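Worth saying up front: this structure is predicted, and the values here are computed from it rather than measured. Computation of the quantities below employed the complete heavy-atom set of this structure, encompassing side-chain atoms and omitting hydrogens, waters and symmetry-equivalent molecules.
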Amino acid sequence: MKDMLMRLVREEGGQALTEYGLIIGLIAVVVIVALSTLGGKLNGFFETINDELENAADTN
């Protein structure tokens, strides 16, 4: 058991995997914050486009 724990401490593959996991988690948090912040503005932007397309279709 002690040998297995020492091998886990010495191996670097698990550390690299942990670092990648932390990076992915950080990217996910940044994306969530960005979408939360810009979500309302994007929704308004697409509603404006939709309204303009509906108005263009009604005039034809």
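Under the side chain to side chain contact (heavy atoms under 4.5 Å, CB included) test applied with Glu47, the options Asn50, Asn43, Ile49 reduce to a single match, Asn43.
With values rounded to the nearest 0.5 angstrom, Leu22 atom CG is found 10.0 Å from Leu17 atom CG.
Residues meeting the side chain to side chain contact (heavy atoms under 4.5 Å, CB included) test with Leu35, sequence neighbours left out: Val31.
Linking Ile, Leu, Val, Met, Phe, Trp and Tyr residues whenever their side-chain heavy atoms come within less than 4.5 Å places Phe46 and Leu53 in a single cluster.
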